[in-house]
There are 2 protein chains.
Amino acid sequence: MVARYAQIAGELRDAITRGEYAVGAQLPSEAELAVRFAVSRGTIRQAVAVLGAEGLVGSRQGARRIVLGRERSQSFAELHSFAQWAWSMGYEVGGRVLRQRRRAASAAEAARLALRPGEPVLAVLRLRSLEGEPVMLERTVYAGWIAPAVERLDADCASVTQALHESVGLVFAYGEHLLDAVAAGSEDSRLLAVRRGGPLLRQRRVTTTPEGRPVEWSDDRYRAGSVAFGIRNSVDVNPLVRQVGELRPSP
Amino acid sequence: MVARYAQIAGELRDAITRGEYAVGAQLPSEAELAVRFAVSRGTIRQAVAVLGAEGLVGSRQGARRIVLGRERSQSFAELHSFAQWAWSMGYEVGGRVLRQRRRAASAAEAARLALRPGEPVLAVLRLRSLEGEPVMLERTVYAGWIAPAVERLDADCASVTQALHESVGLVFAYGEHLLDAVAAGSEDSRLLAVRRGGPLLRQRRVTTTPEGRPVEWSDDRYRAGSVAFGIRNSVDVNPLVRQVGELRPSP
DNA sequence: AAGTGGTCTAGACCACCGG
DNA sequence: CGGTGGTCTAGACCACTTC
């Protein structure tokens, strides 16, 4: 059962991708689309909100929506795997499972993994190293349905992503990441060999299947100075965005 | 004129931040909130959609919304200006110039700003605050050609980006960002009121004109826990790359 | 079975944009 | 000025969760 607004979003997205609505061109008005698809304006607004969240169209009160681009973001696969990134940079990478046990999901974990609170999850503590030095502590919670495959992995498996792909055909896709700084706790400081209370870069992330089913929720802590995250905003992506001015994503 | 749903989102966000709704706890039902705020359920749904987009709460059909976290997150999609981001989130933002002086560009600065070493730059130290509390220390080096416009700004100008846009028509585009964690130095700890050696989230960034001409190079340090940077792959267009940092203490 | 969020409708008024 | 998107209401039905 696919919601009507999602179907409409899909049709409009396809039309944009096909070039039916060129970049920079206007989308039909909400009222017009409501008539065309024989739905209420509210449903149309849900549909175009999806496109807005995908960065395909922009809007300003009083003016028609403008097509900003033709492609949804993709790629990004290497971000999900510490090992694959390291290999691609020519670094020697290692990993070791320090602790692994099944337990019930907390309320917050359940919500992040789209599970019911109390459902079984697999909590894993992994120490990752680069060039032989420990640089990252990975506290991961896997959804119960993938737990058996994770438990079958070697304790010193270098790339979990690749191993799961080979063993059960799992592909990691879309995710969500939060980056901030935290003080090293006692376990952090012992395992990463840093001063207690010292700075760590924390990356919290959700990994899902390409269909959007959550696979893991992880809290990764990097020793300060070992790794930095970089973002390049391509200037060329959308000169139009700046022409139009302040575009605010619709809720 | 602030929309009612935005006000409600703000109140709920505050309640979560204050810990009134703990992480993992349930939010009241939409119907209950509609009664409490004396609005329709549709408006409540707009409000909680904002919190969902901020990553503060999660939802599953049939079950109440769950609080996922209590921290503000900064999306790279809106990574344009500290002030504009804060304003869009409904926060009260402040800024104050603590030090400002012209000097010659170092070799590293010159490289970042596409200048010759020794060419004049304007170094500015700014303390930024959120809701009246100091949260970020900004050490910016402006290219000489924009320096006069920067010097004309108020010392407590809240949005430099906006002010420069209005005064000289300058539009910022964003080139490159590096995120990592560093230990607070003595100046950092004094001005941000944190423990010396404690964790800070550092964002180093280059800002350019839309044509690619570098405008500023900045080292921004956030108090741990005050702000997190978020990336949503499914929504975001910006590639995120992990990089090895060999950059030790910067000036 | 009752409660809850997800979806959808059919109106309405307003602020803003364009010609 | 008319058209458009932004906001808001007051209903409705359904799928799903919780008890």
Side-chain angles (χ1 to χ4, degrees), chain A residues 1-12 21 24-53 56-68 104-105 107 110-119 212-214 240 243-251, chain B residues 1-12 21 24-53 56-68 88 90:
Chain A
M1 175 57 186
V2 178
R4 188 80 183 100
Y5 78 87
Q7 296 174 21
I8 295 172
E11 289 195 36
L12 291 174
Y21 299 113
Q26 295 180 336
L27 231 52
S29 74
E30 296 177 358
E32 204 174 324
L33 291 171
V35 171
R36 180 188 308 178
F37 290 103
V39 297
S40 74
R41 193 182 152 214
T43 303
I44 292 296
R45 283 184 63 80
Q46 277 188 284
V48 294
V50 172
L51 302 183
L56 291 177
V57 302
S59 74
R60 287 145 64 218
Q61 187 174 84
R64 288 205 179 177
R65 284 187 172 74
I66 299 278
V67 177
L68 297 178
R112 295 209 131 101
L113 292 172
L115 302 173
R116 290 183 199 75
E119 277 196 81
R213 186 179 189 192
L240 188 63
Q243 269 183 342
V244 181
E246 281 299 310
L247 292 174
R248 209 159 299 289
S250 29
Chain B
M1 176 57 186
V2 177
R4 187 80 183 99
Y5 78 85
Q7 297 174 20
I8 295 172
E11 290 196 35
L12 292 174
Y21 299 113
Q26 294 182 336
L27 230 52
S29 74
E30 295 177 358
E32 202 174 326
L33 291 171
V35 171
R36 181 187 309 177
F37 290 103
V39 297
S40 75
R41 193 182 152 214
T43 302
I44 291 296
R45 282 184 64 79
Q46 275 187 285
V48 294
V50 171
L51 301 183
L56 291 178
V57 302
S59 74
R60 287 147 63 215
Q61 185 175 85
R64 289 205 177 177
R65 283 185 173 76
I66 299 278
V67 177
L68 296 179
S88 76

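As the structure is a prediction and not an experimental result, all values here were calculated from the model.
- For the side-chain contact (heavy atoms from CB on, under 4.5 Å) test with A:V57, the passing option among A:R64, A:Q26, A:R65 is A:R65; the others fail.
- Nearest heavy-atom pair across B:V2 and B:Q7 is O-NE2, 3.1 Å.
- Distance B:I8 CD1 to D:dC8 C1': 11 Å, rounded to the nearest Å.
- Each of D:dT18, C:dT4, C:dC8 was ranked by its minimum atom distance to the side chain of B:A63; first place goes to D:dT18.
- Under 4.0 Å is where a charged nitrogen must lie from a carboxylate oxygen, and between A:R36 and A:E11 no such pair does.
- Remark: C1' of D:dG3 and CG of A:L33 are 14 Å apart, rounded to the nearest angstrom.
- What separates CD of B:Q26 from C1' of D:dT17 is a distance of 11 Å, to the nearest Å.
- Rounded to whole Å, atom P of C:dC8 lies 16 Å from atom CD of B:Q46.
- As rounded to whole Å, 12 Å separates atom P of C:dC8 from atom CD of B:Q61.
- Along DNA chain C, the nucleotide closest to B:E32 and the one closest to A:A3 are compared, and the more 5′ of them pairs with B:E32.
- Regarding B:E30, its CD atom lies at a distance of 18 Å from the P atom of D:dC13, rounded to whole Å.
- With hydrogens and angles ignored, a donor-acceptor pair closer than 3.5 Å exists between the side chain of B:R41 and the base of C:dG6.
- Toward the 5' end of DNA chain D, the nearer of the two residues B:A38 and A:A31, judged by each one's closest nucleotide, is A:A31.
- Per the geometry, CZ belonging to B:R45 stands 15 Å off P belonging to C:dT9, to the nearest Å.
- Side-chain nitrogen and oxygen atoms of B:R65 include at least one within less than 4.0 Å of the OP1 or OP2 phosphate oxygen of C:dG6.
- What separates CD1 of A:I44 from P of C:dT9 is a distance of 9 Å, to the nearest Å.
- Among all heavy-atom pairs drawn from B:L68 and A:A111, the shortest one is CD2-CB, 3.4 Å.
- Comparing A:T43 and B:S29 by the nucleotide of DNA chain C that holds the closest heavy atom to each, the one mapping nearer the 5' end is B:S29.
- Of all the heavy atoms in B:P28 and B:Y21, the pair that sits closest is CG-OH, 3.4 Å.
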